[in-house]
Every structure is written in structure tokens, then in C-alpha cells.
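Data block below; observations after.
A quick note: this is a predicted structure, and the numbers were derived from the prediction, not measured.
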Amino acid sequence: FDGGFAYDLSGHWRIGAAMDFESANMAKRKDLRHNNWKLDMTVTPGFLYHRGDLAIGASYIFRKTSESIKAEQVGTSESSYFAFLDKGLMYGVYSVWEGSGLHLSEAGVNGFPVKDFSNGAALQLQYKGLFAEVEYLHTQGSVGEKEYIWFRFPGNEAGAMVGFKVHNDKASHYARIRMRYKGLEMSESILEKVTENGVTTVYNHGSNRILAKETVTLAPEYEVVGRFFEVKAGADLKWNGNLSSQMYPYACHQTLTSWKAYADALFSAGRFDIGIKAAFGGGALRESYRLVDADSGVQTEPFRLQEWYDRQMEYLTALRSEAGLSLRYDFPKGIYMQAEGYWIHGFGLSLATGSDRLATALRIGLSF
């Protein structure tokens, strides 16, 4: 669920708060059995000062996301069940699910818990038709619990948005541009278990940085809203830089770029609304693999689940076209019904199962 409220304290001051909450559970009943519990929550209280054409706002942002995975096997089986732990760029550990490197069956830990907490703030400014917003978030994330913290991944996010609107007798025009940066570093802890007199103590001897990620997004958009129509066009541009250094002296650097251009249109005719969507996009991948020390003497290379990695990269970089169509009918007293369909086609695919994806939906709602 999500929702918010606002309250006027006086003629120029307003306070409010919003909350977005999502919880999801999943259970697989056949071996290898596992249960997943997920939580995603964001709370944003804030205030606003407004006078005439000027408005200034500020808000605090708290976000928590978590997921816990608990696996088990009932009875015995002729074959062993394997699992893979991705530590970045599909490098990681692939072994029997009870293996120590996967942490799915670790003594003293209930499942495989992942969580992060984010705290930040946002500032908003509006003057006549101009609107601007800046936002910053700091995240502290970890994998494990109690003294068994296997991974830590602190990060920072910063975003900005600038918009401008113009109204005339025929239509309203909106121009927006959004920018966002997200950086993250993940370190793997070096833990040692020591048992003395039946008591097990876990010692943390430090950590190794195994992954660094940076993401930059840019999204310009233009929209026109008239009495009987709405037209919107824009683009999503994303750059990802990743550095995996899971095992010394091997390092893998990846640059992944993607882009998407889209256009939406909505036309009203009496009680009917007809919507049309179209988009086209793709991406590019560059990767370099090197030794930071050629004379290290290390012979073993980090394991990569190459088949899965190739399939994932093909999906992210393939040229694709998208098209959608919707039809909505408005009943009296704000009730409406909408049917819609969406189609995506990928070009030049060789690893994915099929080149087309179709989706349909039927919605019933109330506007008030």
C-alpha cells in the first residue's frame, strides 16, 4: 500500500507525510525447498512554505529493504542440489547448496538475511512555472546477522529534477529532466570460527573489497496536455560502471550503457479514452579482464557462471521495440473499466527463449 496526507498549519505553512510499503512472500514446496520473505518500505515526512508564486519544501527520507531466504531439503536424494551466489558480474560460488561459501546452511544464522537502511533528505523549490528538486540518500547494507556479517555494501545516491510548465488557452506544456547517481561498494568479511570448551567465537580479521558499482541515469521528457488529448515523449539513458575484484590479482571492469526512446498518446472521445504507446531501445557492453600483478604466482581464477552471464547481457543490450494499446470506458459516478495490451520484440537474440513477450491487463477503478 502507499498513501500520504497534508495539513495546513497556517496560511503559508503546510506539513505532510507519505509512506510506501510492500511485503511479499514466496515458498517453493519441492526440493530444493526455500522460503523468501521480502520487505520494502519508504517513509517521507516533510513541510512546505508557500507565499504567492514561491514555494519551498523539505522532506526527510527513510527507506528499508530486506529479504531473507531459508532453504531446506527433506529426506535424501540420488542427486545433489546446487546453488550459485553472485558476488558481482556473475562471479561467485557455485557448489552444493549446503556448502560453506553459499551461507544457505550456516550454523548460528537463520537463513540468508539481506537488508539495508537508507537515510536522506530532499529539497524542493517552485517559482511560477519552474520547479526544481535535489535529493541525497546514504545507505548501509549487510548480508548476515549478529556476528556473522559476510558482506557489507555501503552506498550513496544523489538525484536532481528540473521542470518547467507553460499554460495557454489550448494546452499545457511540460518539460522535465531527471538526473540520478548511485554508487556502491561491497566488501567480503574474513571470518574465523574458534571453538573452546564448547563455546564458538567468531573473529573478524578484516574485509576485502570485491565489487564497486556506479550508475548514472539521465531522463529528459516533454508532455503536452490538452482538453481532449495528452502526448508525452522522452528518453531514458543509463550508464553502469562495475569493477569486480573477487580474487587477487584478477580484476574485471565492465561498462554497460543502455538507452530507450518512447512516446505515449491518449485521446478522449466522449466516455472513451484510447491510449497508444511506442518505444525503441538497446544497449552496449564493454568488458576488460586484467591482472593487477602478473608475477603474483596465483594459478586459480575466480569462477564465473558464464552461461547465465551471457544470457543476462544479451537481454540488457539487445535492440527492442515496444508497443501498447489501451481502451478505457468511464461509467457514471467515476467508475471506469480499462483493457490494455503490451508487446515487446527483441532483435538478434540467440540465447533468450523466444523474441516476443506479450502482456494484457483488465482494470476496474473509481475516480473521485
Side-chain angles (χ1 to χ4, degrees), residues 1-2 20-42 63-118 139 141-153 184 186 188-189 191 193 210-211 213 242 244 246 302-316 318 342 344 346 349-362:
F1 68 85
D2 64 89
D20 189 331
F21 178 90
E22 180 183 358
S23 176
N25 301 325
M26 184 271 286
K28 180 175 178 289
R29 300 300 185 186
K30 293 186 178 181
D31 288 342
L32 179 64
R33 305 169 187 236
H34 54 84
N35 298 303
N36 293 42
W37 296 270
K38 171 194 170 184
L39 173 67
D40 191 338
M41 179 179 67
T42 303
R63 186 181 68 196
K64 176 187 178 183
T65 60
S66 64
E67 183 174 3
S68 180
I69 306 169
K70 187 174 182 180
E72 64 176 343
Q73 182 178 348
V74 178
T76 59
S77 175
E78 296 180 356
S79 59
S80 299
Y81 297 100
F82 284 74
F84 175 68
L85 175 60
D86 184 5
K87 298 183 181 181
L89 302 186
M90 215 61 79
Y91 288 99
V93 180
Y94 180 74
S95 70
V96 177
W97 75 275
E98 294 177 305
S100 60
L102 292 176
H103 308 300
L104 285 175
S105 180
E106 193 91 17
V109 183
N110 184 21
F112 186 82
V114 184
K115 60 180 179 295
D116 66 55
F117 296 90
S118 301
T139 300
S142 63
V143 181
E145 63 181 10
K146 302 175 184 177
E147 66 270 26
Y148 295 90
I149 302 297
W150 305 305
F151 304 94
R152 299 183 188 272
F153 50 97
L184 177 147
M186 186 167 72
E188 184 172 13
S189 302
L191 304 179
K193 296 180 183 179
I210 62 173
L211 179 68
K213 300 179 65 176
N242 303 289
S244 173
Q246 184 184 148
F303 173 78
R304 171 181 262 183
L305 200 58
Q306 193 68 44
E307 180 182 354
W308 287 20
Y309 177 77
D310 293 340
R311 187 177 302 160
Q312 183 186 57
M313 291 302 105
E314 181 186 68
Y315 174 80
L316 293 175
Y342 204 72
I344 303 176
L349 300 176
S350 60
L351 302 176
T353 305
S355 302
D356 299 279
R357 295 190 175 184
L358 299 173
T360 58
L362 180 64

Roughly how far, to the nearest 0.5 Å, is OG of S66 from CZ of F117? 7.5 Å
Locate the shortest heavy-atom distance separating N110 from E145; write the atom from each residue and the value. N-OE2, 3.0 Å
L351 and Y315, any side-chain heavy atoms less than 4.5 Å apart: no
Can you sort out the partners of A83 under side-chain contact (heavy atoms from CB on, under 4.5 Å), two or more places apart, ordered by chain and number? W97, L102, L104
Check the pair F153, V143 against side-chain contact (heavy atoms from CB on, under 4.5 Å), reporting the backbone distance first and the verdict last. CA-CA 8 Å; F153 50 97; V143 181; 3.8 Å; yes
Over all atoms of both residues, closest heavy-atom pair of V96 and S80: CG2-CB, 4.3 Å
The reported gap from CG in L89 to CE in M313 (rounded to nearest 0.5 angstrom) is 7.5 Å
OH (Y81) with more than 12 external heavy atoms under 6.0 Å: yes
Under the side-chain contact (heavy atoms from CB on, under 4.5 Å) rule, what do H34 and M26 come out as? Steps first, then yes or no, please. CA-CA 8 Å; H34 54 84; M26 184 271 286; 3.6 Å; yes
Taking every non-hydrogen atom, the tightest pair across L85 and G101: CD2-O, 3.6 Å
Return yes if some donor-acceptor pair links the side-chain N/O of K28 with the main-chain N/O of K30 below 3.5 Å, else return no. yes
I want to check something: taking the side chain as every heavy atom from C-beta on, are L211 and K87 in contact at a cut-off of under 4.5 Å? no
Of all residues at least two apart in sequence or in a different chain, which pass the side-chain hydrogen bond (donor to acceptor under 3.5 Å, both in side chains) check with S118? R63, T139
So, using side-chain contact (heavy atoms from CB on, under 4.5 Å) as the criterion, who are the partners of L191 when residues are at least two apart? W150, S189, V202, N204
What distance separates F1 CZ from D20 CG, expressed to the nearest 0.5 Å? 8.5 Å
In Å and rounded to the nearest 0.5 Å, what is the CZ to CD1 distance from F151 to I210? 5.0 Å
Can you give me the closest heavy-atom contact between F84 and M90, atom names plus distance? CZ-O, 3.4 Å
Could you give me the CA-CA distance, side-chain angles and deciding distance for N36 and E67, then say whether side-chain contact (heavy atoms from CB on, under 4.5 Å) is met? CA-CA 7 Å; N36 293 42; E67 183 174 3; 3.2 Å; yes
Residues 351-360 vs side-chain hydrogen bond (donor to acceptor under 3.5 Å, both in side chains), sequence neighbours excluded, gives W343-D356, H345-D356
In Å and rounded to the nearest 0.5 Å, what is the NZ to CG distance from K115 to L39? 12.5 Å
Contact summary for N25 and K38, nearest pair of heavy atoms: OD1-N, 4.2 Å
Taking only residues two or more places apart in sequence or in another chain, which ones pass side-chain contact (heavy atoms from CB on, under 4.5 Å) with A107? none
Atom pair NZ/CG of K64 and D40 - distance to nearest 0.5 Å: 11.0 Å
Parallel, tilted or perpendicular: ring planes of F303 versus Y94, cut at 30 and 60 degrees: parallel
F21 to S23 - nearest heavy-atom pair and separation: CE2-CB, 3.9 Å
So, using side-chain contact (heavy atoms from CB on, under 4.5 Å) as the criterion, who are the partners of Q306 when residues are at least two apart? R304, Y309, D310
